[in-house]
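Heads up, the thing below is written out as structure tokens.
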Number of protein chains: 2
Amino acid sequence: MPKQTFFNLPEEKKEKLIETAIDEFSKQSFKNASINKIAENAGVAKGSLYQYFEDKKDLYKHIFDIAGSKKQEYLIGWMHQLQHLDFIEIIRELYVKGIEFALENPKLAALANHFIKESDVKFKEEIMGVGIEKSNLFFEELIENAKKNGEVSKEIDTKVGAYIITNLNTSIMDYTLNKMEYEDILKHKEMLLDNVDKMLFIIRNGFKS
Amino acid sequence: MPKQTFFNLPEEKKEKLIETAIDEFSKQSFKNASINKIAENAGVAKGSLYQYFEDKKDLYKHIFDIAGSKKQEYLIGWMHQLQHLDFIEIIRELYVKGIEFALENPKLAALANHFIKESDVKFKEEIMGVGIEKSNLFFEELIENAKKNGEVSKEIDTKVGAYIITNLNTSIMDYTLNKMEYEDILKHKEMLLDNVDKMLFIIRNGFKS
DNA sequence: TGACAATGTGACCATGTGGTCATATAATAA
DNA sequence: TTATTATATGACCACATGGTCACATTGTCA
């Protein structure tokens with residue numbers, strides 16, 4: 001948690017700082033990101049940074065929380081209409097919303113992407129708390145429900161299914177972020193969505209002819 | 001390329017060095033790996049290291065090549081019997097061989113894993129050369145052939161299909177390496193193989209009931 | 001005005017980095 | 001033996017890191 005001093009700061013200064021930190025952490029992994037650069041680019045003395053945050057991890061955690069909130073905010077308006085969609089449609093929407101979020105908030109998406117690739121499991125747990133499991137659990141419930149509805153074959157292992165869906169989701173994200181630099185975004189989005197549909201066709205029907 | 005001096009070294013010294021470098025690069029990303037530690041742990045002066053290799057990247061490249069050769073070596077004896085297997089069986093074998101390789105050569109697998117997660121695309125190309133596309137191309141050809149045989153639905157997009165298969169492969173690897181620390185390997189292998197089959201069931205048939 | 005607290009600051013610290021180079025040592029050739 | 005070449009070495013370089021702290025500046029009450 002940031003210190004009280006940070007919250008007392010004028011809004012403008014807070015935002016500038018957060019913006020700068022997001023910028024750095026979206027370019028570098030936690031370890032390689034530089035407190036010095038954040039301080040410099042935010043136009044703040046390094047000493048001040050340590051008056052606002054306990055340490056580097058505290059700063060990162062706060063930035064990470066903000067990214068999480070932003071994404072949640074992004075999804076929340078859409079969550080309630082989820083009931084009218086079938087299994088594949090829900091997954092599609094999730095993938096699509098993810099892509100859209102990444103295109104609109106590339107830095108936040110890149111930040112999350114760096115975090116996912118982090119190999120230090122203890123560090124991950126420290127930052128995320130119990131939230132790690134949430135995404136997987138969501139998909140598991142989704143599959144369980146779809147099984148009851150008869151939309152999804154009962155022969156399928158729920159956990160493995162959720163694992164596949166999650167992994168393809170993160171790999172779409174990765175793909176999106178990497179391609180983003182090279183191509184014009186709009187054309188690119190079309191292509192991405194096209195690929196999502198092709199992917200979902202396979203997810204739904206499998207490779208079998 | 002290592003300098004001639006390196007190749008002139010007595011076998012034992014070369015191996016000790018390579019072993020040590022593999023150890024370091026399996027624990028850390030390229031950037032975070034430490035030349036100092038490699039020199040120290042190998043019992044060699046840092047100056048000597050720079051008499052053998054141009055720079056850090058040169059060392060890494062060489063280690064990476066070795067890892068590649070080892071894996072190729074591992075697969076080569078098995079590749080020829082590939083013709084007798086059907087589409088899903090080939091993929092299964094590939095996943096299984098990958099898991100086995102990772103369990104038998106955890107450091108090399110971890111090294112490769114770190115490389116895959118590397119975000120600097122230019123760096124990746126520099127290290128891998130044109131080889132990046134190879135894996136994807138292999139799967140694409142596999143799918144194309146299976147389409148001709150009628151094993152795989154013609155409605156499926158080959159590139160997207162290859163992408164899915166590749167990504168699940170790397171995510172299995174990731175999963176394997178992460179779980180490895182916690183559990184007894186043999187039990188763990190059983191579980192992994194079980195999960196591979198469950199995964200392939202979905203790959204083959206899709207989620208649809 | 002003066003007193004006290006809250007903020008801001010950057011020189012400084014210990015540690016680590018990849019890389020260099022003058023010099024010492026060993027091996028080889030004449 | 002001497003002269004020449006190949007190899008080994010670690011002090012040293014410039015730079016960067018996260019974090020600290022004594023001190024300066026500002027804001028807020030009385």
Side-chain angles (χ1 to χ4, degrees), chain A residues 1-18 20-64 114 118 120 122-123 126-127, chain B residues 1-18 20-64 114 118 120 122-123 126-127:
Chain A
M1 271 262 287
K3 298 180 182 171
Q4 186 55 45
T5 316
F6 175 70
F7 294 113
N8 295 342
L9 250 38
E11 211 60 36
E12 200 185 342
K13 198 168 189 180
K14 264 191 283 185
E15 272 184 19
K16 171 84 178 175
L17 235 165
I18 287 174
T20 313
I22 287 177
D23 198 67
E24 178 71 8
F25 285 122
S26 70
K27 285 184 194 150
Q28 309 278 347
S29 68
F30 172 74
K31 189 168 183 187
N32 291 116
S34 159
I35 290 280
N36 290 312
K37 277 180 191 147
I38 292 174
E40 188 184 347
N41 292 335
V44 158
K46 195 184 359 181
S48 300
L49 261 194
Y50 282 87
Q51 214 119 24
Y52 308 149
F53 302 94
E54 296 292 342
D55 52 21
K56 194 183 183 186
K57 206 186 278 180
D58 189 33
L59 205 197
Y60 183 74
K61 214 184 221 159
H62 190 238
I63 296 305
F64 190 83
H114 271 123
E118 204 76 46
D120 186 338
K122 284 199 80 175
F123 171 76
E126 236 175 301
I127 300 297
Chain B
M1 272 263 288
K3 298 180 183 171
Q4 186 54 45
T5 315
F6 176 70
F7 294 113
N8 295 343
L9 249 39
E11 210 60 36
E12 200 185 342
K13 197 169 188 179
K14 262 190 286 185
E15 271 184 22
K16 171 84 178 173
L17 235 164
I18 287 174
T20 313
I22 287 177
D23 198 66
E24 178 71 9
F25 284 122
S26 71
K27 284 184 195 150
Q28 309 278 347
S29 68
F30 171 75
K31 189 168 182 189
N32 291 117
S34 159
I35 290 281
N36 289 312
K37 277 182 191 147
I38 292 175
E40 188 183 347
N41 293 334
V44 158
K46 186 163 41 158
S48 300
L49 261 193
Y50 282 87
Q51 214 121 20
Y52 307 148
F53 302 94
E54 295 293 342
D55 52 21
K56 193 184 183 184
K57 207 186 279 179
D58 189 32
L59 205 197
Y60 183 74
K61 215 184 218 158
H62 190 238
I63 296 305
F64 189 83
H114 271 122
E118 204 74 47
D120 186 337
K122 284 199 82 175
F123 172 76
E126 238 175 300
I127 300 297

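Order of the sequence lines fixes the chain letters, A, B, ..., with proteins taken first and strands second; residue numbering starts at 1 for each chain.
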Would you mind classifying the nucleic acid contact of [X] as base, sugar-phosphate or nothing, using non-hydrogen atoms under 4.0 angstrom?
X	result
B/Ala33	sugar-phosphate
A/Lys31	nothing
B/Lys57	nothing

Can you see if the side chain of [X] gets near the phosphate of [N] - specifically, an N or O under 4.0 Å from OP1 or OP2?
X	N	value
A/Ser48	C/dT7	no
A/Tyr50	D/dT20	no
A/Asn36	D/dA16	no
A/Asn8	C/dA6	no
B/Lys46	D/dA8	no
B/Tyr52	D/dA8	yes

What is the distance, to the nearest angstrom, from the [atom1] atom on [X] to the [atom2] atom on [N]?
X	N	atom1	atom2	value
A/Gln51	C/dT7	CD	P	8 Å
B/Leu49	D/dT9	CG	P	10 Å
B/Leu17	D/dT7	CG	P	14 Å
A/Glu40	C/dA11	CD	P	13 Å
B/Gln28	C/dG16	CD	P	13 Å
B/Asp58	C/dG18	CG	P	15 Å
A/Ile38	D/dT17	CD1	P	10 Å
B/Lys3	C/dT20	NZ	C1'	11 Å

I want to check a possible cation-pi pair here: A/Lys56 against A/Phe30, using under 6.0 Å from ring centre and within 45° of the ring axis as the test.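 Checked: cation-pi criterion met.
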So for A/Lys56 and D/dG19, does any side-chain atom that can act as donor or acceptor lie under 3.5 Å from a complementary atom in the base? no
Minimum-distance nucleotide to A/Ser34 side chain [options: C/dT7, D/dG18, C/dG18]: D/dG18
Proximal nucleotide (of C/dG10, C/dG18, D/dT7) relative to the B/Ile35 side chain: C/dG18
Is a donor from one side chain sitting under 3.5 angstrom from an acceptor on the other, for A/Gln4 and A/Asn8?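 Their side chains do contain a donor-acceptor pair, which is all the 3.5 Å distance test asks for.
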For the side chain of B/Lys3 and the backbone of B/Tyr50, is there at least one donor-acceptor N/O pair under 3.5 Å apart? yes
Flag the pair B/Glu11 and B/Lys14 as a salt bridge only when some basic side-chain nitrogen lies within less than 4.0 angstrom of an acidic carboxylate oxygen.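 Answer for the salt bridge query: yes.
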Decide yes or no for B/Ile38 and B/Val44: does some side-chain heavy atom of the first lie under 4.5 Å from some side-chain heavy atom of the second? no
